[in-house]
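Let me begin by presenting the structure, written as structure tokens, before commenting on it.
Residue numbers start from 1 in every chain, and the chains themselves are labelled A, B, ... in the order their sequence lines are given, proteins ahead of strands.
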Amino acid sequence: MAQRRILVTAALPYANGPIHIGHLVEYIQADIWVRFQKLRGHQCIYICADDTHGTAIMIRARQEGRSEIDLIAEMQQAHVRDFEGFDIAFDNYGSTNSDENRQLCGEIWRALRSRGLIVERDVEQLYDPEAGTFLADRFVKGTCPKCKAPGQYGDNCDKCGSTYRAADLIDPVSTHSGARPELRSQRHLFVQLQQLHDFLTEWTQCGEHLQEEVANYLQGHFLNEPLRDWDISRPAPYFGFEIPDSPGNYWYVWFDAPIGYMASTRQWCDRHGEDFDDWWRSPDVEIHHFIGKDITYFHTLFWPGMLKSAGFTLPTKVRIHGFLTVGGEKMSKSKGTFVMAQTYLQHLDPSYLRYYYATKLSPRLDDIDLNLDEFAAKANADLVGKVVNLASRSAKFVRATGLAARYPDDGGLFQRAAAAGDEIAAAYEEGDYGRAMRLIMELADRANPYVEAAAPWNLAKDPRHAQELQDVCTVALNLFRQLAIYLAPVLPRLAQQTGVLLNKPIEHWADSQTPLVGTPVAQFHHMLKRVDRKDVDAMIEDSRTPSAEEPVGEPAAESAPAISQPLSDEPLAAECTIDDFAKVDLRIARIIAAADVPEANKLVKLTVSLGGDEQRTVFAGIKQAYTPEQLVGRYVVLAANLAPRKMKFGTSEGMILASGSGGQHVFLLTVDDGAEPGQRVH
RNA sequence: GGGGCCGUAGCUCAGUGGUUAGAGCAGGGGACUCAUAAUCCCUUGGUCGGGGGUUCGAAUCCCUCCGGCCCUACCA
């Protein structure tokens, strides 16, 4: 087989928080693929870096009273340590805040300029006068201009789903300082992606680079209409690279982040005497990006557009995976399922997680679930019970003699398992690790009955059976080694230990095709501890931090959204006067009728009484939290002088007060006994 | 509202037109005692979400309904 040259990247983790088990899905997935390719004898390099720029880093450094450089250096150290702990072996781990990156950004920028893709125009954006920064949409919160839901981010409302400009928010608040932002005009630079429309359609739809569902998504969401200009600059102050021909403006973090793949490659090239253009401008190199589905957009439209414009090699494949859930739910800090890499490592062996993820991963972008019972069962039953057991029950019988000089008759077991190698390799190649693991475990399921039938422990009792004993153990250990080779991309430690046990390192996939004979066998040492459910529980307990602060960041390589504290989620609004407060007329209301709105996802139609004949119709977005039956007769608080709002299902004449994040988490305000409908709340 | 994915044994899944639908784990019974209470043998368990259709033949193809998840939304 011709040696392929393959460059693999995983998304750059943002330098604003530690690595958690959600991130690890991707880094492990890519690491397995890289190790597999290396084992197959291909030249493959695994490239990553910290994503260090953006407002979030700047603000955080300021809050902590230190420089951004100091902050990102510390974070990088933590990330590197976490990755090492999980046997994730990057060939180079760089930083987007590097000279190499600045230089490459400039190079690509000049290419975009020279091709006439850059335009400039003024943008009105909210500015935080206290923090002295412009505010990205997600750093502004306020009341949705459409449905009046409070606490919405600056780009869209998760209550009614409408999109708007941050400047349209009612009572906007900066999440940095709590200050009221002001609208300022500022010159921004844009990439006219529309000029690349035909290219991007062709590239995304040709069927080679993307999963089919991703190609369909892009076609349906973006490529079916003119592509919008991409705002690629941010005004000072901004932690990042200043745009050389546009002083006072900085490249948006999402411009320099993917270029970080190249900058990190360049560092690797410099260390290994390789030519950078040989990797990024060579038709012979395959480039594979592993990313999460949250950053699809950047890697499948902007990034190919940038590469194309600057004459670099386009990605061979963008391999997109889903999010991690734990126990079928989003990772949760309060439930202890938001597990940091370090916390995991304090309690459990990384091999378990690598194997578990491998059994769950497929080429598709389905979310994968970490079920803790299944996690323990898989590690124990498959790895310890089936695989390692083969070695631990046979190695000591050949400690003195070593393996037999000729491979004995094993009824075709080794040959059959060798023949399965191609199919297993094909599964790895296409990212179908779940299938690869199933195939390997089928082999393991055939190996143990052999040992059982041959009963080496009986043969060991009679010296006359010495040769037979050696033969049986030679078979058992070779079958074990074969499994260890097939599992080596997933379990590098097991492969290494196997090499030590049999005095022959595992170096190549092809080692699985030929039995090992005549070599000495070392003392057997435990290779993998059984998972104790108590350790799993302790890890969850250690992760349970209801007061944990929510890291804020611009969209980075997050693999799972976090659950956060109410106050940081929705900071206090700007101060108001008692006159401001009095503008809102809050009244006690009694719900006299409640009806489901079948066509609506969230709405319940309420008829409330304000006493006497005064009634109002209110549509409340509480369907997922309350049934109509639960509501009738309740006393609630109504914002009674709110302008009527025409909705799809009728006109809403007020709002019922409730807290909570929405969905099932809505909590109506109730009133103590004695209050009467119509009374004002002061 | 639109789009996508999914629904097979208690659990996790395999099986995408062809003999009585499979595996692992869990459950039940037995064996063994070399091995990390690991292993081995036997075994219980499924109108393949419901209904309709195409076909000599459907878990598999088509239609429809139900349920779940995800994305997106006056535009796919």
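- Spacing of C1' atoms, rC66(B) relative to rG18(B), comes out at 30 Å, to the nearest Å.
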- Show your reasoning for whether side-chain contact (heavy atoms from CB on, under 4.5 Å) applies to D373(A) and R533(A). CA-CA 8 Å; D373(A) 289 324; R533(A) 200 38 229 242; 2.3 Å; yes

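- The interatomic distance linking E213(A) (CD) with rC69(B) (C1') rounds to 14 Å, in whole Å.
- For the C1' atoms, the distance from rU16(B) to rA59(B) is 9 Å, rounded to whole Å.
- Between R435(A) and Q219(A), the residue anchored nearer the 5' end of RNA chain B, judged by the nucleotide with its closest heavy atom, is R435(A).
- Of the listed nucleotides (rC75(B), rC40(B), rA76(B)), rC40(B) has the atom at the smallest distance from the side chain of P449(A).
- You'll find the ring centres of Y407(A) and F414(A) inside the 6.0 Å limit.
- rA37(B) sits 13 Å from rC32(B) when the C1' atoms are compared, rounded to a whole Å.
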**OP:** Decide yes or no on side-chain contact (heavy atoms from CB on, under 4.5 Å) for T401(A) and V398(A), but give the supporting numbers first.
**Re:** CA-CA 5 Å; T401(A) 62; V398(A) 281; 3.7 Å; yes

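- Nucleotide rA26(B) holds its P atom 12 Å from the CD atom of E374(A), rounded to whole Å.
- Rounded to an integer number of Å, the gap from CG of L200(A) to P of rA76(B) is 21 Å.
- rG24(B) and rA9(B): their C1' atoms are spaced 12 Å apart (whole Å).
- Every stem involving RNA chain B, taken as at least 3 paired positions in a row under the Watson-Crick or G-U wobble test at 3.5 Å, is listed here: B:1-7 with B:66-72, B:10-13 with B:22-25, B:27-31 with B:39-43, B:49-53 with B:61-65.
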Worksheet item: What do the steps show when you test L501(A) against M527(A) for side-chain contact (heavy atoms from CB on, under 4.5 Å), and what is the final call?
Response: CA-CA 10 Å; L501(A) 178 72; M527(A) 292 178 166; 3.9 Å; yes

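- Distance noted for atom P between rG46(B) and rC11(B): 13 Å (whole Å).
- Nucleotides rG50(B) and rU44(B), compared at atom C1', are 27 Å apart to the nearest Å.
- Under the 30°/60° scheme for interplanar angles, the aromatic rings of Y217(A) and F222(A) are found to stand perpendicular.
- Looking at Q29(A) and R319(A), their side chains never come closer than 4.5 Å, going by heavy atoms from C-beta outward.
- For the pair K378(A) and Y352(A), the NZ or CZ position fails the cation-pi test of under 6.0 Å to the six-membered ring centre and within 45 degrees of the ring normal.
- For R438(A) and rG15(B), the shortest distance from a side-chain N or O to OP1 or OP2 is not below 4.0 Å.
- The phosphate of rC13(B) has OP1 or OP2 within less than 4.0 Å of a side-chain N or O from K360(A).
- Nucleic acid contact for D445(A): sugar-phosphate only, since backbone atoms but no base atoms lie under 4.0 Å from a heavy atom of the residue.
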With sugar-phosphate taken as primed atoms, P, OP1 and OP2 and all else as base, the protein-contact string of nucleotides 30-37 of chain B at under 4.0 Å (heavy atoms; B, S, -) is --SSBBB-

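- Remark: D31(A) CG to F86(A) CZ distance equals 12.0 Å, nearest 0.5 Å.
- Here the P atom of nucleotide rC40(B) and the CG atom of L390(A) are 9 Å apart, to the nearest Å.
- As judged by a 4.0 angstrom heavy-atom cut-off over every strand, R364(A) is placed among residues touching the sugar-phosphate backbone only.
- Summarising the geometry, the separation between CD on Q211(A) and P on rC71(B) is reported as 16 Å, rounded to the nearest angstrom.
- The separation between H221(A) atom NE2 and rA73(B) atom P is 7 Å, rounded to whole Å.
- To the nearest angstrom, C1' of rC25(B) lies 12 Å from OH of Y356(A).
- To the nearest whole angstrom, the two P atoms, one in rG51(B) and one in rA58(B), are 14 Å apart.
- Few gaps surround CD on Q523(A); more than 12 heavy atoms of other groups in view lie less than 6.0 Å from it.
- Checked against the 6.0 Å centroid criterion, the rings of W230(A) and F302(A) qualify as a close aromatic pair.
- Look at the C1' atom in both rU54(B) and rU60(B): the space between them is 13 Å, to the nearest Å.
- Summarising the geometry, the separation between NZ on K386(A) and C1' on rU39(B) is reported as 12 Å, rounded to the nearest angstrom.
- Residue R406(A) qualifies as open at atom CZ: its count of foreign heavy atoms under 6.0 Å is 12 or below.
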